[in-house]
Amino acid sequence: KAIQSQSSPQDPMGHHPQYGETMIELGALVVSLDDGEIGIVTWVDDNPYDEPIIYQIMWADGVKGLHTSDEIEEIE
């Protein structure tokens with residue numbers, strides 16, 4: 001048999017769990033690791049295969065900016 005199962009170390013979105021990179025979803029609340037500002041994800045990089053994933057955040061102080069996942073943390 002050529003194909004036995006769909007199980008692979010990679011999920012359907014192309015993320016490799018061994019790297020621990022999980023995509024933060026559109027509309028998620030995040031906190032800046034730099035200054036503690038709270039914001040909302042308003043755009044997510046449309047190419048999830050590129051690392052790092054780029055996010056557009058609208059911060060509570062009205063500033064909008066592009067950030068990578070090592071600059072922000074999702075508020076659960």
Cluster overlap Val30 with Ile38, hydrophobic side-chain contacts below 4.5 Å =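 The answer is no; the residues belong to distinct hydrophobic clusters.
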Transitively linked via ILVMFWY side-chain contacts under 4.5 Å: Ile75 with Ile40?
->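 In one cluster: yes.
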So Asp61 and Glu37, side-chain contact (heavy atoms from CB on, under 4.5 Å) or not? Walk me through it.
-> CA-CA 8 Å; Asp61 62 5; Glu37 187 75 45; 3.8 Å; yes
Please name the pair of heavy atoms, one in Met23 and one in Val44, separated by the smallest distance, quoted to 0.1 Å.
-> SD-CG1, 3.3 Å
From [X] [atom1] over to [Y] [atom2], what is the distance, rounded to the nearest 0.5 angstrom?
X	Y	atom1	atom2	result
Ile53	Asp46	CD1	CG	11.5 Å
Trp59	Thr42	CH2	OG1	10.5 Å
His67	Gln56	NE2	CD	9.0 Å
Ile57	Trp43	CD1	CH2	10.5 Å

Is there a donor in the side chain of Asp70 and an acceptor in the side chain of Thr68, or the other way round, less than 3.5 Å apart?
-> yes
Residue that, paired with Ile72, satisfies side-chain contact (heavy atoms from CB on, under 4.5 Å) out of Leu33, Ile24, Asp34 =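 For Ile72, the side-chain contact (heavy atoms from CB on, under 4.5 Å) test succeeds with only one of Leu33, Ile24, Asp34, which is Ile24.
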